[in-house]
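Down below is the structure, laid out as structure tokens.
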Amino acid sequence: MIGDVGLNGHTAIVTGGYSGIGLEAIRALAGAGANVIVPARDVEKAAGALHKMERVELETLALTDTASIASFAERVVSSGRTVSILINSAGIMATRLTR
């Protein structure tokens, strides 16, 4: 439960979910009963961070590749699950200034 809200039966997707704020969001959501999908470009790295977490599944997704995004979306839609929660916490740091 998060406060007095249980998330049993809900599905969440958390991008950037294997580090930082995203990892903490996954812990809270799964702890409240949600099934959490964690899309990751580096599945091995993500698997290490999410080791032994219940109700968490990894999916391959490269946010810089439109084909990868479409494939991920198709897998989620074709699974028949309804996504109740979407947390976009993946980010890019220290990029060069471009105009």
Side-chain angles (χ1 to χ4, degrees):
M1 306 258 298
I2 299 175
D4 58 350
V5 176
L7 298 176
N8 291 331
H10 290 272
T11 299
I13 296 175
V14 180
T15 66
Y18 53 97
S19 66
I21 292 171
L23 183 57
E24 293 307 314
I26 288 171
R27 286 188 178 120
L29 293 167
N35 297 308
V36 184
I37 300 169
V38 181
R41 181 185 60 224
D42 186 339
V43 176
E44 281 186 35
K45 181 178 177 181
L50 302 171
H51 183 67
K52 295 187 179 182
M53 291 183 76
E54 295 182 18
R55 290 183 293 281
V56 175
E57 63 184 86
L58 283 170
E59 283 281 345
T60 302
L61 170 63
L63 290 171
T64 58
D65 178 358
T66 55
S68 178
I69 295 166
S71 178
F72 171 76
E74 179 58 33
R75 289 191 308 274
V76 172
V77 169
S78 67
S79 74
R81 294 179 284 187
T82 299
V83 176
S84 305
I85 301 163
L86 174 62
I87 298 176
N88 294 314
S89 66
I92 300 172
M93 290 183 47
T95 60
R96 292 184 342 184
L97 176 63
T98 59
R99 296 177 195 220

Worksheet item: What residue pairs, at least two apart or across chains, pass salt bridge (charged side-chain N to carboxylate O under 4.0 Å, His left out) with a residue in residues 41-50?
Response: none
Practice prompt. Kindly state each residue pair satisfying side-chain hydrogen bond (donor to acceptor under 3.5 Å, both in side chains) with at least one member in residues 47-56, sequence neighbours excluded.
Written response: none
Worksheet item: Where is the tightest heavy-atom contact between S89 and G17, given as atom of each residue plus distance?
Response: OG-N, 4.5 Å
Worksheet item: If you take all heavy atoms of A49 and Y18, which pair is closest and at what distance?
Response: CB-O, 3.3 Å
Worksheet item: Which atom names give the shortest non-hydrogen contact between L58 and A46, and what distance separates them?
Response: CD2-CB, 3.5 Å
Worksheet item: Given the rule in the side chain to side chain contact (heavy atoms under 4.5 Å, CB included) test, do T11 and T82 qualify, once you have shown the distances and angles that lead to the verdict?
Response: CA-CA 7 Å; T11 299; T82 299; over 6 Å; no
Fill in: A30 to V56 - nearest heavy-atom pair and separation
CB-CG2, 4.2 Å
Item to complete: Please identify each residue that fulfils side-chain hydrogen bond (donor to acceptor under 3.5 Å, both in side chains) with S84, with sequence neighbours left out.
Response: H10
Worksheet item: Under a 4.5 Å cut-off applied to non-hydrogen side-chain atoms, are I26 and M53 in contact?
Response: yes
Practice prompt. If you link ILVMFWY side chains whenever their heavy atoms are less than 4.5 Å apart, which other residues fall into the same cluster as L63? By chain and number, please.
Written response: I13, I37, L61, I69, F72, V76, V83, L86
Fill in: Heavy-atom closest contact (L29 atom, A12 atom, distance)
CD1-CB, 3.9 Å
Worksheet item: Taking the side chain from T15 and the backbone from A90, do they hold a donor-acceptor pair closer than 3.5 Å?
Response: yes
Worksheet, complete the sentence: One should read off an interatomic distance between L23 CG and L50 CG, to the nearest 0.5 angstrom, of 6.5 Å
Discussion item. For R75 and S71: C-alpha separation, side-chain torsions, deciding distance, then whether side-chain hydrogen bond (donor to acceptor under 3.5 Å, both in side chains) applies.
Written reply: CA-CA 6 Å; R75 289 191 308 274; S71 178; 2.7 Å; yes
Worksheet, complete the sentence: salt bridge (charged side-chain N to carboxylate O under 4.0 Å, His left out) pairs touching residues 27-39, sequence neighbours excluded, are E24-R27
Worksheet item: Which residue pairs pass the salt bridge (charged side-chain N to carboxylate O under 4.0 Å, His left out) test with at least one member in residues 76-89, sequence neighbours excluded?
Response: E57-R81
Fill in: Within-4.5 Å side-chain heavy-atom neighbours: V36 and I85
no
